[in-house]
Amino acid sequence: MSLQLDDVTITLQGRPLLQGLSARVEPGHVLALQGDSGSGKSTLLAWLCGTLPTPPFAARGRLRLNGRELQHLPIEQRRVGLLFQDDLLFPHMTVQDNLLFALPPGARIERVGHVERALASADLAGFAARRPASLSGGQRARVSLLRTLLAEPQALLLDEPFSRLDAALRERFRDWVWGQVRALGLPTVLVTHDAADVPPGAQVIRLSSQRGTADA
């Protein structure tokens, strides 16, 4: 399930943000995008997941996931999971109901069992009835990622997912996330300002706001 970008160029009202970017992310591996504000990191992520507004942006290039072309598909058909710096959990729902939201329809007992196993895998057994407001930042982050993974994405996009955690939680959550990425074989694209967020062995592309180009 490799994720491949071929000759991606994105412009904003005719001004180039990215020019001719190509990369391949293998299953269980990470591509990290770094660069100053305005260099196009979040813009590229929006193009990858299918939310880039056109206009004012224009994009060309190919995006393939496991050989399937995605660039013309709407977000709901791309099978790409998204995780942001805000957990975006539904505050009026319990943890269990937040996670059930990601699962397809089916027998409730089977779906609840799936949720319970997921919570146990994240060291959150017994948290099903809790509300998001009662959780710590690290616990909310884990629930948010579990909800993303329960939808069974074929690739993962991470937009500064560790930035709101304190140093100790950040390190533990990072380690857990990269363990999940490897175990599930998910090609992953990470946007981060912090080099410490980049796992060992990751590809790194540094985007330049001055040139509208990318350096590996």
Side-chain angles (χ1 to χ4, degrees), residues 1-54 56-65 69-71 75 78 80-86 141 145 148 153-167 169-182 185-216:
M1 289 194 301
S2 63
L3 182 70
Q4 187 159 343
L5 294 70
D6 293 312
D7 198 23
V8 178
T9 294
I10 300 177
T11 60
L12 173 60
Q13 297 177 333
R15 180 177 66 86
L17 292 177
L18 300 169
Q19 291 183 315
L21 187 148
S22 297
R24 182 182 178 93
V25 192
E26 299 295 343
H29 290 256
V30 177
L31 168 64
L33 304 176
Q34 295 189 287
D36 297 332
S37 296
S39 60
K41 302 185 302 299
S42 294
T43 299
L44 179 58
L45 216 61
W47 181 76
L48 292 173
C49 72
T51 60
L52 185 70
T54 54
F57 294 94
R60 66 176 185 269
R62 297 177 72 191
L63 173 64
R64 288 177 287 174
L65 177 57
E69 294 211 8
L70 303 186
Q71 67 269 14
I75 183 173
R78 296 196 179 199
V80 171
L82 307 171
L83 191 67
F84 302 97
Q85 56 184 310
D86 295 317
L145 182 62
T148 299
Q154 295 180 352
L156 193 59
L157 307 179
L158 307 177
D159 191 1
E160 300 279 3
F162 314 118
S163 62
R164 292 188 181 273
L165 303 177
D166 63 43
L169 283 175
R170 188 167 182 158
E171 183 174 358
R172 291 199 299 272
F173 184 55
R174 276 196 307 244
D175 290 345
W176 184 70
V177 169
W178 303 138
Q180 295 294 308
V181 165
R182 290 190 298 270
L186 293 173
T188 298
V189 179
L190 167 71
V191 166
T192 182
H193 287 91
D194 189 344
D197 289 343
V198 180
Q203 290 184 72
V204 178
I205 291 180
R206 295 178 177 85
L207 302 179
S208 169
S209 57
Q210 278 72 33
R211 294 175 295 170
T213 56
D215 298 324

**Those residues that, when tested against Arg62, pass side-chain contact (heavy atoms from CB on, under 4.5 Å) (two or more places apart)** =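 So Arg62 forms a side-chain contact (heavy atoms from CB on, under 4.5 Å) with Asp6, Arg64, Glu69, Gln71.
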
Smallest separation among heavy atoms of [X] and [Y], with atom names:
{"X": "Gly81", "Y": "Pro153", "value": "N-CB, 3.3 Å"}
{"X": "Gly20", "Y": "Thr9", "value": "N-OG1, 3.0 Å"}
{"X": "Pro187", "Y": "Gly185", "value": "CD-O, 3.4 Å"}
{"X": "Val198", "Y": "Ala32", "value": "CG2-CB, 3.8 Å"}

Side-chain heavy atoms of [X] within contact of [Y], under 4.5 Å:
{"X": "Val189", "Y": "Leu44", "result": "no"}
{"X": "Arg78", "Y": "Leu65", "result": "no"}
{"X": "Thr188", "Y": "Val25", "result": "no"}
{"X": "Leu3", "Y": "Leu31", "result": "no"}

**Request:** Would you check, one step at a time, whether the test side-chain contact (heavy atoms from CB on, under 4.5 Å) holds for Leu12 with Thr43?
**Result:** CA-CA 10 Å; Leu12 173 60; Thr43 299; over 6 Å; no

In chain order, what residues pass the salt bridge (charged side-chain N to carboxylate O under 4.0 Å, His left out) check against [X], with sequence neighbours excluded?
{"X": "Arg182", "value": "none"}
{"X": "Arg170", "value": "Asp194, Asp197"}
{"X": "Asp7", "value": "none"}

If you round to the nearest 0.5 Å, how far is [atom2] of [Y] from [atom1] of [X]?
{"X": "Arg60", "Y": "Ile10", "atom1": "CZ", "atom2": "CD1", "result": "10.5 Å"}
{"X": "Ser2", "Y": "His29", "atom1": "OG", "atom2": "NE2", "result": "11.0 Å"}
{"X": "Thr148", "Y": "Leu186", "atom1": "OG1", "atom2": "CG", "result": "10.5 Å"}
{"X": "Arg206", "Y": "Gln34", "atom1": "CZ", "atom2": "CD", "result": "5.5 Å"}
{"X": "Trp47", "Y": "Leu21", "atom1": "CH2", "atom2": "CG", "result": "9.0 Å"}

**Prompt:** So, the side chain of Lys41 versus the backbone of Gly35: is there a donor-acceptor pair under 3.5 Å, distance only?
**Reply:**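 At least one qualifying donor-acceptor pair exists.
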
**Request:** Output yes when a side-chain donor or acceptor of Thr51 lies under 3.5 Å from a complementary backbone atom of Cys49, and no otherwise.
**Result:**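 Absent.
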
Name every donor-acceptor pair, under 3.5 Å, that has one atom in a side chain of residues 154-161 and the other anywhere in the protein, sequence neighbours excluded.
from, atom 1, to, atom 2, distance (Å)
Glu160, OE2, His193, N, 3.0
Glu160, OE2, His193, ND1, 2.4

**Message:** Taking ring-ring contact (aromatic ring centres under 6.0 Å, His included) as the definition, give me every residue that meets it alongside Phe162, ordered by chain and number, with sequence neighbours left out.
**Reply:**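 With neighbours one apart ignored, the set is Phe173, Trp178.
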
**Item:** Pair Leu63-Leu48, side-chain contact (heavy atoms from CB on, under 4.5 Å): steps then yes or no
**Value:** CA-CA 7 Å; Leu63 173 64; Leu48 292 173; 3.5 Å; yes

